[in-house]
Chemist: 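Sharing a structure with you now.
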Amino acid sequence: MTSRVRHCARLGIVALGICCIVAGIYLFRNWIDMFTRMRGKEMALSPTSRSYEGWKVSPLPLNFDVYIFNWTNPEYFYIGSGQKPRFEQLGPYRFREKPDKVDIKWHNQNYSVSFRKKSFFYFDEEGSNGSLSDVITSVNTIAHAGARHASESFFGNIMLNGVNSAYSQRISITTTAEEFLFKGFEHPFISIGNVLSPSMVPFKRVGYQYPRNGSAEFDGDINMFTGADDIAKMGQIHTWNNMTHTGAFEGACGQVMGSMGEFFPPNLKPKDTVYMYMPKMCRAVPLDYTETVTVHGVTAYKFSGTDHALDNGTVYPETKCFCEEGDCQPIGVINIRKCAQNSSVFMSYPHFYKADPSYLEAIEGLSPDQSKHEFFMTLEPNAGVPMDVGGGFQANYLMEPIPGISLFRNVPRVMLPMMWCEERVRVTEDIAADIALVPLIVLLGQIVTGILLAGGLICTCWYPTRQVTQLCHGDPKAKAMALRPLAAFGGVGASALNSSAANAGGATAAAATAPGTLLRTTHERIGVRLLDYRRDSGLHEEQNSTENSPRERLITEPDSPDVIVR
């Protein structure tokens with residue numbers, strides 16, 4: 001191989017190394033985005049996509065658990081009684097949920113889809129702790145809400161006091177668990193409202209989950225992005241009931257945003273906050289990163305409801321808009337009055353978990369526990385897919401005195417718990433194995449990136465390293481020639497070298513002309529060992545040497561300028 005060919009080959013290897021480094025840097029900066037785009041083309045929601053069937057009908061069994069607070073001493077609920085309202089939690093009343101998406105319409109102009117959620121609930125007696133025939137006493141929210149409206153006029157007060165007396169209304173109401181939940185129960189105020197003001201009372205029965213069972217209207221009309229143009233938007237809600245702002249809260253607090261629970265943005269980081277839209281709360285609930293966990297061997301981020309979700313300006317100034325008309329409750333509850341037919345309903349975590357201590361101090365029977373009452377969403381961070389979901393929210397009613405209404409004139413102002421519900425869903429091992437492919441592909445891309453960078457550095461540095469190695473182990477004459485320019489280092493000029501050589505005498509002159517002699521200066525304290533190399537064996541006896549060893553000779557003359565005598 002000629003020297004020209006070898007030179008071209010060396011340049012080719014160096015060029016290959018540079019290309020590998022450039023490719024490695026590009027992949028390091030863009031691999032995750034590239035993979036996300038490729039995954040988005042396959043996973044974006046459409047009638048033919050892989051994610052469609054699982055989105056339309058959940059492949060996982062869904063358990064819907066409801067807990068009801070039974071009020072045990074309503075007869076002592078008046079100012080000066082000396083007793084706090086006492087509650088006992090009943091349940092869970094477990095229902096198997098069969099959800100479906102109906103009225104599906106695709107909007108290609110903005111890459112979105114409209115739909116309604118329709119769910120059927122079947123009571124699971126074996127999984128429940130109680131029966132639907134259990135008798136339960138709770139706050140009479142209908143009578144109190146009617147009293148608030150009637151108190152705005154003198155004649156309204158007179159009429160409502162007569163109606164309360166005629167229908168034997170009390171501050172509490174007692175009925176069965178089945179009626180409190182999906183079946184609903186009749187109330188005289190509802191019947192009167194249907195006659196006097198049908199627009200304000202659009203329902204005929206009352207129940208915590210009425211008329212949710214089998215209804216496609218309960219959660220309203222939802223429009224969300226499919227992710228066809230941007231996978232990061234997949235599953236993010238665009239409008240609710242054709243509105244981008246609910247009007248229930250001012251400013252950003254009423255903005256329609258967040259996920260409906262099936263899809264979340266990909267490539268999540270611990271610093272991120274994810275949002276889940278709650279139609280019955282007319283708002284998006286923020287979930288903050290709390291810890292990294294493992295679900296069926298897959299690493300996932302746990303995003304939980306923190307103080308941020310139920311603050312109203314106490315800790316986070318941007319949540320000040322959750323105060324209704326300046327009426328700010330202590331932290332831990334959110335007023336959803338405008339989202340609940342103008343009733344004094346407030347949402348909190350179960351058992352007032354993470355709420356101001358004043359709520360628990362005013363009542364008896366509740367005991368918050370993080371393991372039972374935390375609302376969380378565990379997501380695989382690369383794909384943004386839920387792995388484990390748990391927790392829920394509690395509905396409370398703010399009971400307060402109403403002047404002019406005899407039934408509620410002497411009641412204390414207390415936040416009374418009514419019920420809470422939760423859905424706990426955890427992916428199966430088979431589904432987790434499919435989800436695990438996403439972080440695996442991300443890892444493989446990072447490995448390829450590392451190989452490219454390492455290979456590129458090796459190829460780029462190979463030839464220069466080889467030259468240096470040859471210089472270190474090569475011919476001393478070549479080393480001397482390579483190092484000769486260093487003679488000028490430190491300000492030692494050619495004239496100084498000539499002057500030193502002239503003053504050194506004959507021995508120094510001889511040494512200067514010997515093969516392999518290194519540059520010397522009188523300014524350094526150096527002991528020099530001269531080696532003479534033989535072509536066949538590496539060393540040979542230098543001519544005119546008087547040393548005993550045929551292999552090497554040391555310059556030891558005291559008079560030599562190259563030897564320092566101490």
Side-chain angles (χ1 to χ4, degrees), residues 40 43-49 51-60 62 64 97-121 182 202-203 209-249 252-266 274-287 303 309 334 336 338-341 347 375 377 379 384-386 389 392-393 421-423 425:
M43 297 301 296
L45 195 61
S46 71
T48 58
S49 66
S51 56
Y52 176 76
E53 291 299 330
W55 167 76
K56 188 177 187 302
V57 179
S58 175
L60 299 173
L62 301 179
F64 183 71
E97 181 181 358
K98 300 294 184 181
D100 192 9
K101 307 290 194 309
V102 297
D103 301 333
I104 299 175
K105 298 178 182 179
W106 303 92
H107 307 283
N108 295 327
Q109 67 273 16
N110 67 341
Y111 305 100
S112 68
V113 57
S114 298
F115 62 93
R116 291 177 180 270
K117 294 180 65 176
K118 185 176 183 178
S119 296
F120 290 91
F121 296 85
F182 292 99
F203 43 85
Q209 296 295 316
Y210 175 84
R212 185 176 186 182
N213 199 354
S215 171
E217 309 295 329
F218 189 79
D219 286 326
D221 184 83
I222 300 167
N223 176 262
M224 75 176 194
F225 294 110
T226 62
D229 59 332
D230 183 0
I231 191 62
K233 296 165 59 178
M234 181 178 177
Q236 298 298 295
I237 188 170
H238 179 222
T239 63
W240 175 64
N241 289 335
N242 299 317
M243 300 182 298
T244 58
H245 195 283
T246 64
F249 307 100
C253 293
Q255 186 71 34
V256 175
M257 59 178 292
S259 169
M260 287 302 298
E262 296 98 345
F263 309 104
F264 288 84
V274 298
Y275 290 83
M276 188 168 179
Y277 188 75
M278 299 289 191
K280 286 305 172 185
M281 295 174 62
C282 297
R283 61 161 295 188
V285 176
L287 303 176
F303 292 87
I334 291 296
I336 63 167
K338 292 183 179 180
C339 203
Q341 286 75 47
M347 303 302 293
F375 180 69
M377 185 80 63
L379 308 173
V385 178
V389 181
F393 285 88
C421 54
E422 67 171 345
E423 285 184 317
V425 183

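Hydrogens, waters and symmetry mates are skipped; everything else that's a heavy atom, side chains included, is used.
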Chemist: To the nearest 0.5 Å, what is the distance between NZ on Lys56 and CD on Glu262?
Modeler: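 Answer for the NZ-CD pair, Lys56 versus Glu262, is 12.5 Å.
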Chemist: Please identify each residue that fulfils salt bridge (Lys or Arg N to Asp or Glu O under 4.0 Å) with Lys118, with sequence neighbours left out.
Modeler: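 Lys118: no salt bridge (Lys or Arg N to Asp or Glu O under 4.0 Å) contacts found.
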Chemist: So, Asn241 side chain and Met243 main chain: donor-acceptor pair closer than 3.5 Å or not?
Modeler: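 Flag not set: sc Asn241 to bb Met243 has no pair under 3.5 Å.
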Chemist: In Å and rounded to the nearest 0.5 Å, what is the OG to CD distance from Ser215 to Gln209?
Modeler: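 One gets 11.5 Å once the value is rounded to the nearest 0.5 Å.
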Chemist: With side chain to side chain contact (heavy atoms under 4.5 Å, CB included) as the test, would you mind laying out the steps for Met234 and Ser51 before giving the verdict?
Modeler: CA-CA 11 Å; Met234 181 178 177; Ser51 56; 3.7 Å; yes
Chemist: Which atom names give the shortest non-hydrogen contact between Met276 and Met260, and what distance separates them?
Modeler: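 Residues Met276 and Met260, closest heavy atoms: CE-O, 4.3 Å.
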Chemist: How long is the gap from NE2 on His238 to CD1 on Ile222, to the nearest 0.5 Å?
Modeler: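 Separation between the atoms: 14.0 Å.
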Chemist: Which heavy atom in Phe375 sits nearest to a heavy atom in Gly392, and how many Å separate them?
Modeler: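 What the structure gives for the nearest pair is CD1-N, 3.6 Å.
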Chemist: Out of curiosity, Tyr277 OH to Met257 CE, how far, rounded to the nearest 0.5 Å?
Modeler: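 Separation between the atoms: 11.0 Å.
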Chemist: Quick check against the 3.5 Å criterion: does Lys101 have a side-chain atom that pairs as donor or acceptor with the backbone of Trp55?
Modeler: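 Checked: pair present.
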Chemist: Keeping the roles fixed (side chain from Asp103, backbone from Phe115), state whether a donor-acceptor pair exists under 3.5 Å.
Modeler: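 Here the side-chain-to-backbone pair does not exist.
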Chemist: Quick check: closest heavy atoms across Pro386 and Leu379, and the distance to 0.1 Å?
Modeler: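 Heavy-atom minimum between the residues: CA-CD2, 3.5 Å.
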Chemist: Can any side-chain N or O of Glu422 pair as donor or acceptor with the backbone N or O of Phe393 at less than 3.5 Å?
Modeler: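 Checking the backbone N and O of Phe393 against the side chain of Glu422, no donor-acceptor pair under 3.5 Å is found.
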Chemist: Once you round to the nearest 0.5 Å, how far does CZ of Arg283 lie from CE of Met278?
Modeler: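 Reported value, rounded in 0.5 Å steps: 9.0 Å.
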Chemist: Output yes when a side-chain donor or acceptor of His245 lies under 3.5 Å from a complementary backbone atom of Gly247, and no otherwise.
Modeler: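 Yes.
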Chemist: Under the salt bridge (Lys or Arg N to Asp or Glu O under 4.0 Å) rule, what pairs show up with a residue in residues 231-244, not counting sequence neighbours?
Modeler: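 Salt bridge (Lys or Arg N to Asp or Glu O under 4.0 Å) check on residues 231-244 returns Asp229-Lys233.
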Chemist: Can you confirm if the aromatic rings of Phe182 and Phe121 lie within a centre distance of less than 6.0 Å?
Modeler: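 Distance test on ring centres: under 6.0 Å, yes.
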Chemist: Shortest non-hydrogen contact from Phe120 to Gly214?
Modeler: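 Heavy-atom minimum between the residues: CE2-CA, 3.6 Å.
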Chemist: Are any side-chain N or O atoms of Thr226 and backbone N or O atoms of Ala44, one a donor and one an acceptor, separated by less than 3.5 Å?
Modeler: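 Between the backbone of Ala44 and the side chain of Thr226 there is no qualifying donor-acceptor contact (under 3.5 Å).
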Chemist: Roughly how far apart are Cys253 SG and Ile334 CD1, rounded to 0.5 Å?
Modeler: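 Going from SG on Cys253 over to CD1 on Ile334, the span is 8.0 Å.
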Chemist: Using modelled atom types only, decide if a donor and an acceptor are shared between the side chain of Lys105 and the backbone of Asn223 within a distance under 3.5 Å.
Modeler: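 Judged by distance alone, no pair lies under 3.5 Å.
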Chemist: Between Val256 and Thr239, does a side chain to side chain contact (heavy atoms under 4.5 Å, CB included) hold up when you go through it step by step?
Modeler: CA-CA 6 Å; Val256 175; Thr239 63; 5.5 Å; no
Chemist: Are the side chains of Phe218 and Lys280 in touch, meaning some heavy atoms are under 4.5 Å apart?
Modeler: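 Yes, at least one pair of side-chain atoms sits under 4.5 Å.
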Chemist: Any heavy-atom pair between the side chains of Pro279 and Trp240 that's under 4.5 Å?
Modeler: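 Yes, close enough: below the 4.5 Å cut-off.
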